[in-house]
Q: 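Pasting a structure below so you can have a look.
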Amino acid sequence: MPNAQTILLENATLATMAGEEPYGLIEDGAVLVDGDEISWAGRRSDAPACANVIDCGGRVMTPGLIDCHTHLVYGGNRANEFEMRLNGAGYEEIARAGGGIVSTVKATRAASEADLKASALPRLDALLSEGVTTVEVKSGYGLDVDTELKMLRTARALGDVRPVDIITSFLGAHAFPPEFKDDRAGYIALVCDKALPAVANAGLADAVDGFCEGIALSVEETEKVFEAAKLLNLPVKLHAEQLSNLGGAIMAAKHGALSVDHIEYLGQSGVDAIAAAGTVAVLLPGAFYYLRETQKPPVDALRAAEVPIAVATDLNPGSSPVHSLLAAMNMACVLFDLTPAEVLAGVTSNAARALGLDDRGTIEAGKRSDLVLWDIDQPGQLAYPLGFNPVAAIYRRGEWVRPL
Ligand code: DI6
Ligand code: FE
């Protein structure tokens, strides 16, 4: 039943991101929104009658953007490591020397919840300014029960003070904290038997993530965490094959992972496994760029196997301090050879799938009324520039976040 919030947004080129055609384009389109939901979308000439009509001025309209992989809650920064890497130190070398994730752990443990929130808000605002309406935020810089809970509470609190949906992932399986560097089994037990149950009981995680890598957890250690997640009915996802091929993605696919992320070193057997499992491939070009990686993810094989490809910032203080999803789209085109249509699907429909969300990511009846209007002529222009934000207006859940 239409209500006061029912409006018809007309005279827009709709990049619906639905169907088989690139962008799912509808020229001279219109969208009827009724509060939280899209109730109709199609050609303006077919639009239902509506008393509240907004002329979109011929602009391009997309679904609200979704950043499906961030670590944007953290203490301190790692600018010093950026300089060390520019002087030739390797990411793994820095991590093994006690830098990397562990150095952010120290700063995050020391930070108050208020400080973590205050430092995360400008990072989140940078994403929201580009039409992002859903953001995934991971823990993983606490590596003890209290700090992992603190991080996830902070992430959830961001959604109370900004017009964004925050989806959280528990990433206690990110690395081994200093106090457990000689007792790996003890830390895996703490993650599985203490941290994860506490997080689940508090309702603070929507999924469980891990970092399966030579400098982090083994496949066997990660699988123990995934088995604990399954007992708590939490879906899983995995940072896999970022720096080497340990077979993490194959293990994740066996556990029905929502996504496998990074996957620069994914082989054909891994592609086949995630294709069969319906797992999304989340590409993170920011980390490839910052670490000056040379091994590209197997995009042609992913395409051939029809694996859904998502793109995200991986916003984190070390490997990818990228505060722009539009920049990540551009990098995915320039560095990974994706097309502009693929990267827009990667931050809308496929990003929703990577988070297990079926209520958003396309402009279709029944989906969330998260919509962005852009001052561009065609949707392929979104990935084209670097450092330029063509957002004209943002509409989210029945309200103008940024009015026309
Ligand atoms: N892979 C990454 O690139 C980030 N975490 C991970 O598992 C790195 C996080 C950091 O460097 O702080
Ligand atoms: Fe990450």
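Quick note: residue numbers are just sequence positions, from 1. Keep in mind that this is a model prediction, so the values were computed, not measured. We count ligands from 1, going down the list as the structure has it; atoms in each ligand are counted the same way.
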Q: Closest heavy-atom contact between Gly35 and Gln5?
A: CA-OE1, 3.3 Å
Q: Would you call the rings of Phe288 and Phe336 parallel, tilted or perpendicular, taking 30° and 60° as the class edges?
A: perpendicular
Q: Looking at His239, pick out the N, O or S atom nearest to the Fe ion (ligand 2) and give its name.
A: NE2
Q: Can you list the steps and then say if Asp209 with Lys237 is a salt bridge (charged side-chain N to carboxylate O under 4.0 Å, His left out)?
A: CA-CA 5 Å; Asp209 192 351; Lys237 52 184 49 245; over 6 Å; no
Q: Any idea which atoms of ligand 1 are less than 4.0 Å away from a heavy-atom of Ile101?
A: 9 (C), 10 (C), 12 (O)
Q: Starting from atom 8 (C) of ligand 1, which protein heavy atom do you reach first, and at what distance in Å?
A: Tyr91 OH, 3.1 Å
Q: Would you say Glu399 has more than 12 foreign heavy atoms packed within less than 6.0 Å of its CD?
A: no
Q: To which protein heavy atom is atom 3 (O) of ligand 1 closest, and what is the distance rounded to 0.1 Å?
A: Ser319 OG, 2.6 Å
Q: Would you call Arg78 a ligand 1 contact, heavy-atom distance under 4.0 Å?
A: yes
Q: Give the residue, atom name and distance (to 0.1 Å) of the protein heavy atom nearest atom 1 (N) of ligand 1.
A: Gln242 OE1, 3.0 Å
Q: At under 4.0 Å between heavy atoms, which part of Glu213 makes contact with ligand 1: side chain, backbone, both or neither?
A: neither
Q: Check the side chains of His69 and His239 for a donor-acceptor pair under 3.5 angstrom, ignoring hydrogens and angles.
A: yes
Q: Measure the distances from the heavy atoms of Tyr74 to every atom of ligand 1 and state whether one is below 4.0 angstrom.
A: no
Q: Looking only at protein heavy atoms, which one is nearest to atom 5 (N) of ligand 1, and how far off is it?
A: His174 NE2, 2.8 Å
Q: Which heavy atom of the protein is the closest neighbour of atom 9 (C) of ligand 1, given with residue, atom name and distance?
A: Tyr141 OH, 3.2 Å
Q: Are the side chain of Gln295 and the backbone N or O of Glu264 linked by a donor-acceptor pair below 3.5 Å?
A: yes
Q: Parallel, tilted or perpendicular for Phe226 and His255, by the 30°/60° rule?
A: perpendicular
Q: Of all the heavy atoms in Thr104, does at least one lie under 4.0 Å from an atom in ligand 1?
A: no
Q: Heavy-atom distances under 4.0 Å are what count here, so tell me which part of Asp314 touches ligand 1: side chain, backbone, both or neither.
A: side chain
Q: Please say which of Asp370, Thr348, Thr134, Thr133 ends up in a side-chain hydrogen bond (donor to acceptor under 3.5 Å, both in side chains) with Arg360.
A: Thr134
Q: Taking everything shown except Phe180 itself, do over 12 heavy atoms lie less than 6.0 Å from its CZ?
A: yes
Q: Has His262 got an N, O or S atom lying less than 2.8 Å from the Fe ion (ligand 2)?
A: no
Q: Which angle, to the nearest 10 degrees, do you find at the Fe ion (ligand 2) between NE2 in His69 and NE2 in His71?
A: 100°
Q: Is it true that some N/O/S atom of Asp314, main chain or side chain, lies under 2.8 Å from the Fe ion (ligand 2)?
A: yes
Q: Using the six-membered ring wherever Trp is involved, compare the ring planes of Tyr141 and His71 and label them parallel, tilted or perpendicular (cut-offs 30° and 60°).
A: tilted
